[in-house]
Amino acid sequence: MNGYRTHTCGELRASDINKEAKLAGWIHRKRNLGNLCFVDLRDHYGITQCVFDSHSDLFERIEAIRVESVISISGEVVQRESVNKNIPTGDIEIKVKTLEVYSEADILPVQVASEGGEPEELRLKYRFLDLRKDRIHKNILLRSKVIQRSRELMREQGFTEYQTPILTASSPEGARDFLVPSRLNPGKFYALPQAPQQFKQLLMVSGFDKYFQIAPCFRDEDPRADRSPGEFYQMDMEMSFATQDDVFAVIEHTLGTIFNEFANGKTVDQAPYIHIPFREAMLKYGSDKPDLRNPLFMIDASSLFGDSGFGVYDSMVKEGKVVKAMLVKGIASKPRSFFDKLDGYAKEEDMGGVTYIAWAEGTTKGISRMMSAEKIEEIKQALNAEDGDAILFVVGKGMKFDKFSGRLRNKVGEELGLIDENSFKMCWIVDFPFYEENDETGAVEFSHNPFSMPQGGMDALLNKNPLDILAYQYDFVCNGVELLSGAVRNHQPEIMYKAFEIAGYDNSVVDNKFGGMISAFKFGAPPHAGSAYGVDRLVMLLLDEPIIRDVILFPLNGKAQDLMMQAPNVVTQQQLDELHIQVVKD
RNA sequence: GGGGGCGUAGUUCAGCUGGUUAGAAUACAUGCCUGUCACGCAUGGGGUCGCGAGUUCGAGCCUCGUCGCUCCCGCCA
């Protein structure tokens with residue numbers, strides 16, 4: 001121990017009574033009783049109560065210093081007259097004999113000792129105060145532990161961590177890049193990596209086999225509550241001579257272990273996790289990231305309509321639209337307003353409406369009025385409905401309709417309190433379509449990324465309808481959060497050229513945009529696959545934090561500004577001149 | 001780029017149908033208090049009601065504009 005302290009503020013116990021101790025830290029709280037002053041001294045490790053007596057000449061000095069000042073005190077560890085069971089050091093206190101003041105605190109713009117709801121702007125401007133708060137402090141520590149455990153688990157499975165460049169080339173697909181001007185190359189720019197995607201694939205071509213990296217990724221897109229602007233971290237991994245199942249096994253071990261170790265009392269789904277094909281997920285859950293804590297799901301009930309007697313649906317089904325039916329147990333006795341509210345929600349979303357049949361006390365309610373007894377019974381059988389249940393119906397077609405049905409499922413699940421908040425429910429979403437149709441132009445476009453391998457390879461590209469081709473592309477979803485994305489990569493230049501050709505790009509475009517990688521694939525590339533999970537989102541999930549900024553040390557605000565460091569900011573004319581940059585005013 | 005919500009003391013908030021001197025808690029300052037642990041009690045300072053215009057005898061409150069924050073859609077291969 002050095003001269004500042006002999007113990008930390010979380011360390012002393014009843015067994016230390018009668019010892020001399022010196023502690024250093026921040027004044028967390030001060031309770032001045034006039035002739036007796038209690039100081040809660042706080043450091044990274046905990047809080048210890050220190051007592052100043054008015055007989056001491058230190059009394060006036062401690063009275064005068066504000067909370068959050070940094071001091072050290074020394075004195076005898078003594079038994080408390082009344083113990084505090086709420087803190088680990090609550091059996092003892094220190095009778096202060098010496099006091100040193102290292103740094104006096106001004107009047108605080110945010111209060112550290114209480115968990116107040118200060119505005120983001122203030123919290124971010126004084127982030128160093130915000131980070132002193134117990135909750136945020138603990139969040140950051142857990143984040144560190146999760147990252148450390150990720151590293152350990154990957155290493156245990158034979159993976160090696162490598163560093164890939166931060167200054168790299170702008171990539172034409174995907175998110176907007178952050179650009180960095182090149183001083184030595186006037187008029188040219190680096191880009192910060194959106195992900196180490198091409199580098200990790202090049203590592204496979206370079207023979208490194210099992211790669212991982214806790215990788216910073218940069219994307220210049222608008223933020224969300226669960227999406228920090230600018231930068232975020234991924235646990236990025238890639239492996240050679242590997243299939244989709246090999247990646248799943250590694251991730252299920254890594255993420256599965258982390259969830260089990262950090263679940264904090266919640267129940268955790270155990271691997272292997274279920275696989276849900278993309279199209280099934282869109283039909284059943286109306287989402288490619290279904291929250292499986294919600295027991296509700298939908299089925300395609302179109303075949304029950306056409307001659308049902310409910311004319312609107314009958315004719316819409318004949319036009320090729322899809323009727324989705326969702327069985328909800330035990331809500332038949334809900335008032336009319338419950339169903340009307342859902343219907344109103346659908347109309348707000350410009351999605352027609354929500355209809356229902358409810359079996360309540362020997363009668364049926366809803367659109368059953370227009371149907372024969374046989375039809376009503378047929379529907380009841382088809383969905384395994386029982387008396388007291390209701391079936392909700394929506395009708396429509398396409399991706400927008402599917403997504404709406406998913407929001408409806410979430411809404412009903414939330415309103416009825418069906419979601420088990422104390423569990424982690426996982427699944428793999430697999431078999432994403434390789435291409436999709438652009439809603440406006442009708443053009444065929446890559447639906448995820450152009451680097452994944454089409455299922456069926458070249459044969460599928462040559463012989464199948466592009467919109468029917470599936471990719472070896474997968475997501476890992478937990479509680480409705482897309483935690484991970486990955487793919488078996490396309491390592492064959494011919495298939496790459498063909499895949500781009502179908503999307504309307506000729507070979508020169510591929511050579512130009514992905515020159516480094518495509519040329520590498522011409523010199524012996526192993527089949528490879530990988531994935532990456534979002535570290536920030538993983539920590540958010542484990543901590544049940546709805547705001548991503550609360551799991552990041554120094555986050556940017558919604559306008560991608562650092563209010564504490566005042567970034568971004570103007571630079572000198574000389575700096576601009578060196579970079580050959582001219583700022584144009586609007 | 002589009003939509004919703006919010007903006008009142010350092011901070012968190014209240015403020016009735018538009019009505020006279022805008023309140024509370026906390027923080028801050030001063031005083032009292034020897035067993036508190038969100039210590040207590042008393043006193044005090046602290047306000048461009050985001051900003052600008054309009055309606056009105058009168059605006060924190062209504063209208064319009066504007067700025068800021070925040071959430072959502074777009075976007076995020």
Side-chain angles (χ1 to χ4, degrees), chain A residues 28-42 47-56 59 63-64 66-68 78-87 89-90 93 95 105-126 129 171-177 193-195 197-198 217-230 232 348-350 400 403-404 407 432 434-436 439-440 445-452 471 473 482 485-487 489 499-500 503 513-514 532 534 537 546-549 557-559 561 563:
Chain A
H28 186 66
R29 279 207 175 88
K30 218 166 54 166
R31 292 176 294 281
N32 187 351
L33 276 63
N35 285 310
L36 192 64
C37 184
F38 296 98
V39 167
D40 288 340
L41 195 65
R42 182 195 75 237
I47 288 178
T48 300
Q49 176 166 286
C50 310
V51 200
F52 291 76
D53 196 287
S54 63
H55 302 311
S56 156
F59 195 81
E63 264 190 317
R66 270 188 288 267
V67 292
E68 293 305 316
V78 298
Q79 172 86 47
R80 282 206 201 184
E81 287 189 19
S82 57
V83 302
N84 182 347
K85 292 197 173 67
N86 298 322
I87 54 174
T89 62
E93 64 191 8
K95 265 183 93 122
D106 214 333
I107 296 171
L108 298 170
V110 300
Q111 288 168 50
V112 174
S114 61
E115 188 63 54
E118 289 92 358
E120 286 289 328
E121 199 178 353
L122 213 60
R123 290 182 53 197
L124 294 180
K125 185 172 177 190
Y126 298 99
L129 292 178
S171 86
E173 299 285 326
R176 198 176 289 115
D177 283 316
Q194 296 180 23
Q197 183 65 34
Q198 293 192 57
C217 305
F218 306 88
R219 295 178 191 176
D220 188 5
E221 295 293 347
D222 289 356
R224 286 287 184 277
D226 65 348
R227 201 169 76 202
S228 194
F232 61 98
E348 253 172 54
E349 299 268 315
D350 204 19
K400 245 179 97 179
K403 286 186 177 174
F404 157 72
R407 288 197 297 277
F432 278 84
F434 195 73
Y435 296 105
E436 65 188 11
D439 283 341
E440 284 159 23
E445 297 175 344
F446 288 109
S447 66
H448 265 69
N449 81 52
F451 306 122
S452 61
Q473 167 91 37
E482 182 194 315
S485 229
R489 318 297 174 185
F500 273 87
K513 286 179 173 176
F514 309 109
R537 281 199 186 160
I547 307 290
I548 200 162
R549 289 184 291 273
N557 73 358
K559 281 214 168 146
Q561 299 161 331
L563 298 174

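Quick note on labels: first sequence line is chain A, next is B, and so on, each numbered from 1. This one's a predicted model, so the numbers in the text were calculated from it and none came from an experiment.
The residues Lys30(A) and Glu68(A) are annotated as not salt-bridged, no charged nitrogen and carboxylate oxygen being separated by less than 4.0 angstrom. With respect to Arg227(A) and Asp222(A), no salt bridge is recorded, no charged nitrogen being found less than 4.0 Å from a carboxylate O.
The side chain of His55(A) lies closest to U34(B), out of C76(B), U34(B), C39(B). The side chain of Asn32(A) approaches C33(B) more closely than any other nucleotide in the set G68(B), C33(B), U36(B).
One atom, CG of Asp226(A), and another, C1' of U70(B), lie 15 Å apart when rounded to the nearest Å. Rounding to whole angstrom units, CZ of residue Arg29(A) and P of U26(B) are separated by 13 Å. Rounded to whole Å, the distance from CZ on Arg66(A) to C1' on C28(B) is 8 Å. Atom-to-atom, CG of Asp40(A) to C1' of U36(B) comes out at 9 Å; the value is rounded to the nearest Å. Atoms CG (Leu108(A)) and C1' (U12(B)) sit 15 Å apart, rounded to a whole Å. A25(B) atom P lies 15 Å from atom CD of Gln111(A), rounded to whole Å. Atom pair Tyr126(A):OH and U11(B):P shows a separation of 10 Å (rounding to whole Å applied). Put simply, CG on Asp53(A) is 14 Å from C1' on C33(B), counting in whole angstrom units.
The partner of G18(B) is absent, by the rule that a Watson-Crick or G-U pair needs both atom distances under 3.5 Å. Judged by Watson-Crick or G-U wobble contacts below 3.5 Å, the nucleotide U26(B) has G10(B) as its partner. Using the Watson-Crick or G-U wobble rule with both distances under 3.5 Å, G1(B) pairs with C73(B). Here G65(B) sits opposite C51(B) as a Watson-Crick or G-U wobble pair (both hydrogen-bonding atom distances under 3.5 Å). Pairing of G40(B), defined by two Watson-Crick or G-U wobble distances under 3.5 Å, is identified with C32(B).
C49(B) sits 13 Å from C13(B) when the C1' atoms are compared, rounded to a whole Å. Between G23(B) and G60(B), the distance separating the two P atoms is 14 Å to the nearest Å. Taking atom C1' in both A42(B) and G68(B), one finds a spacing of 40 Å when rounded to whole Å. Across A27(B) and C73(B), the matching C1' atoms stand 40 Å from one another, rounded to whole Å. Here, G50(B) and C61(B) have their P atoms 8 Å apart, quoted to the whole Å. One P atom belongs to C39(B), the other to A29(B), and the distance between them is 15 Å to the nearest Å. Taking atom C1' on both nucleotides, C67(B) is separated from G31(B) by 44 Å, rounded to a whole Å. For the C1' atom pair drawn from G47(B) and U21(B), the interatomic distance equals 13 Å after rounding to whole Å.
Taken to the nearest 0.5 Å, the CZ atom of Phe52(A) stands 12.0 Å off from the CZ atom of Phe38(A). Atom CZ of Phe446(A) sits about 5.0 Å away from atom CZ of Phe434(A), to the nearest 0.5 Å.
Phosphate contact (OP1/OP2 of C37(B), side-chain N/O of Lys30(A), threshold under 4.0 Å): absent. When the side-chain nitrogen and oxygen atoms of Arg224(A) are compared with OP1 and OP2 of C73(B), one or more of them lie within a distance under 4.0 Å. OP1 or OP2 of C39(B) lies within a sub-4.0 Å distance of a side-chain N or O belonging to Arg31(A).
Ala113(A) approaches Arg29(A) most closely through the heavy-atom pair O-NH2, 3.2 Å. Taking each heavy atom of Gln473(A) and Ala487(A) in turn, the nearest pair found is OE1-CB, 3.8 Å. Across all their heavy atoms, Pro223(A) and Gly558(A) have their closest contact at CG-O, 3.3 Å.
Residue Val83(A) is in base contact, counting any heavy-atom pair closer than 4.0 Å across all strands shown. Note on Glu93(A): a base of the nucleic acid sits closer than 4.0 angstrom, heavy atoms only. Residue Ile87(A) is out of contact with every strand shown, counting any heavy-atom pair closer than 4.0 Å. Among the atoms of the strands shown, only primed sugar atoms or phosphate atoms (P, OP1, OP2) are found under 4.0 Å from some heavy atom of Arg549(A). Residue Leu33(A) is classed as a base contact, given a heavy-atom separation below 4.0 Å to a base.
Taking the nucleotide of RNA chain B with the nearest heavy atom to each of Gly558(A) and Phe451(A), the more 5' of the two is matched to Gly558(A). Nearest-nucleotide positions on RNA chain B for Asp222(A) and Gln561(A) put Gln561(A) closer to the 5' end.
Judged by atom type and distance alone, Arg227(A) reaches the base of C76(B) through a side-chain donor-acceptor pair under 3.5 Å.
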> Step by step, would you call Glu63(A) with Asn32(A) a side-chain hydrogen bond (donor to acceptor under 3.5 Å, both in side chains)?
Replying inline: CA-CA 7 Å; Glu63(A) 264 190 317; Asn32(A) 187 351; 2.9 Å; yes
